[in-house]
Amino acid sequence: MSDTEVEIDDPTAAGRLAAEDLAKRAGARDPEAWGTLFDLHYRGVFAFVRFRLRGADEAEDIASQVFEIAYSRADRFDYRGVPIEGWLIGIARNVVRDHIKKLGRRGYTAELDETVELSEPAASDNIDLHHDLAAAMRTLTEDQHEVVSHRFLRDRSVAETALLMNRSEDAVKNLQRRALAAMHRALASVDYPQDGRT
Amino acid sequence: MSTNRIDQLLEDALATGVLPVSASPAERAEVELLLATVGSARVLSATVDAESQQAMPTARARFQRHVASETAAVAPATRSPIAAGPQRGFLGRMFVAHRALAVASSAAAVGIVALVAVVALQSLDGVQTASAQVLNENDYAQLQGVITATSGEGAARTATLSSDFGDLQIALGDLSSVTNADQPVDASTLKTGDAVTVAGTVAKNDKTTTIAARTLEVVKGSDKPVAKPKLTPLRDLPPGFEGRITALAVAKDGKSARALINGGSGEQFVVIIDAKSLGSLLDDSGAAVGRRVRVTQEPGSARGEFSLVSVVPPGQPTALSRPRLAGVAGVVLGRQGNVFRVQTDRGPAQVVLTAETRIAIGPEAGLTVERVRGSNSVVGHAVIIQGGVDRATGRLTADVIWVGAKLDK
């Protein structure tokens, strides 16, 4: 049974047409289309960059830069079945890399590694846990971080994650397991099966 | 124990919420460790939600300025004809009028309502018949629809909702919380054509079904009225039956719950759901409405009562987020009179039980409604609560509370 609804990310023909229409209008720098894109994807871009950076303020700045760059380069976006979200994430990936490089040149790498600022809305009891989690995220490789970000911070399916990362679904599942194992080690500091599989 | 095998077991467990029975003890142990880490990672998702929500107004304003400056720099002749249209202000074009894309950009939240719009209104008899199958007096209900008329001001604001049950009245009072894109808005901003998800209490008389709205979330949607679907009570389960929830109702005594499920063929099924499934539908990650579920029948369950399994795990919505309602999930730390202190993963919350609160007892709770109401037995139990936030006190007034197992300290 299949629903008749249409989503931007819907892989059906109707969904593809809606996404293609949005992408075309975005390519023409239609402000209305960009308003829609901003509302649809800001949270996702923010989540993607958040735990590679020092705090929410920095994430806000970088996520904003991503949309500004995307808008400025809108005419270069070539819609051929590639989700516009994937394009935004690609820009975000590069902006974060450049940002970290700049910090490194300025001698801030250690600060980036050690500083985890959370504007924690929860009780103080949870702050340690959140700091530990954020620190654990920072132990991941770039690919592992990206998988965790897509799958568990952005609620993307394996298939969607594979599309966004230009990887196979099996590769995503493999990265997902290794990332979780690495986080587990960082969080628990207990033995995890060390048979070379992670 | 190959890595591929663990990868697949992990993915199966993430997709279904349970470990496949074929997993060996060693595989089970390894996957359970990974699943525990998934739970931890999802804690960060709430942090991201809060932070991005806080950042968004500033970021949006910054992006608007950027677009405005870039637009000003572009000669009119180079503007695409696609962007041409009725003359509106910049802000209107930018963030208000999304009609051309509304269906596509909000379908996950609005579901079938926004797309099956063919027939305008149904007869009064039809309304009564359809709604009677799911909505009863004093039920707690979540449902969706499109506003076709509004009237009144302030606490007397009302709206007519075109829904799967025909036309319903929505009553908005002082305790109603109206949000748009997760931001509180005044009820006076509601307008014809708004697609909404409503949660509240059902009131009926001979001619009218009214929802006293506790929360109303505006979702981006169509301004077209919805069709009258065929509602069929589900008795015999078709193999592999899946669909999307379009309404949920919990009876006043908390002992029965029904879901309206769109199977995708234009036909909607009224499904009586078991207590365990109700708990999973009421979790605090968003409305049950819009969630895709697989319908199953557990061995030993009463005939005509079914289990619902989210096709994606709770807290992991489909591509576009489901509407959020006011709710919490956590553990009861203590109570003072009718105020429960609940520890959630977002911090402590105070929850007020009223005489109208529906109390649903999960299969592992080992409690009765009376003990939940009148004793400290509920302390230490997992609970999931939906209701409305009292803006004056910050407390959550519970419309429905689901009580789960007592957790180890």
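Per chain, numbering begins at 1; letters A, B, ... match sequence-line order. What you see below is based on every heavy atom in this structure, not just the backbone, and it leaves out hydrogens, waters and symmetry mates.
Contacts between A:Glu169 and chain B at a heavy-atom distance below 4.5 Å are absent for every atom of the residue. When heavy atoms are compared at a cutoff of 4.5 Å, A:Tyr42 approaches chain B solely by way of its side chain, counted from C-beta outward. Heavy atoms closer than 4.5 Å to chain B are found in both the backbone and the side chain of A:Ser72.
Judged by distance alone, the side chain of B:Arg294 and the main-chain N or O of B:Gly240 form no donor-acceptor pair under 3.5 Å.
For B:Gln53 and B:Asp49, the side-chain atoms include no donor-acceptor pair closer than 3.5 Å.
In terms of heavy-atom pairs under 4.5 angstrom with chain B, the leader among A:Ser64, A:Gly44, A:Ala136 is A:Ser64. Chain B forms more heavy-atom pairs under 4.5 Å with one residue of A:Met183, A:Gln176, A:Met137 than with any other, namely A:Gln176. Heavy-atom pairs under 4.5 Å with chain B peak, among A:Val172, A:Asp57, A:Val45, A:Asp61, at A:Asp61.
Using the six-membered ring where Trp is involved, B:His66 and B:Phe63 have ring planes that are parallel, under 30° apart on the 30 and 60° scheme.
Between B:Phe241 and B:Phe269, a ring centre-to-centre spacing shorter than 6.0 Å is recorded.
Taking NE2 of A:His99 as the reference point, atom CG of A:Leu53 lies at 5.5 Å (rounded to 0.5 Å).
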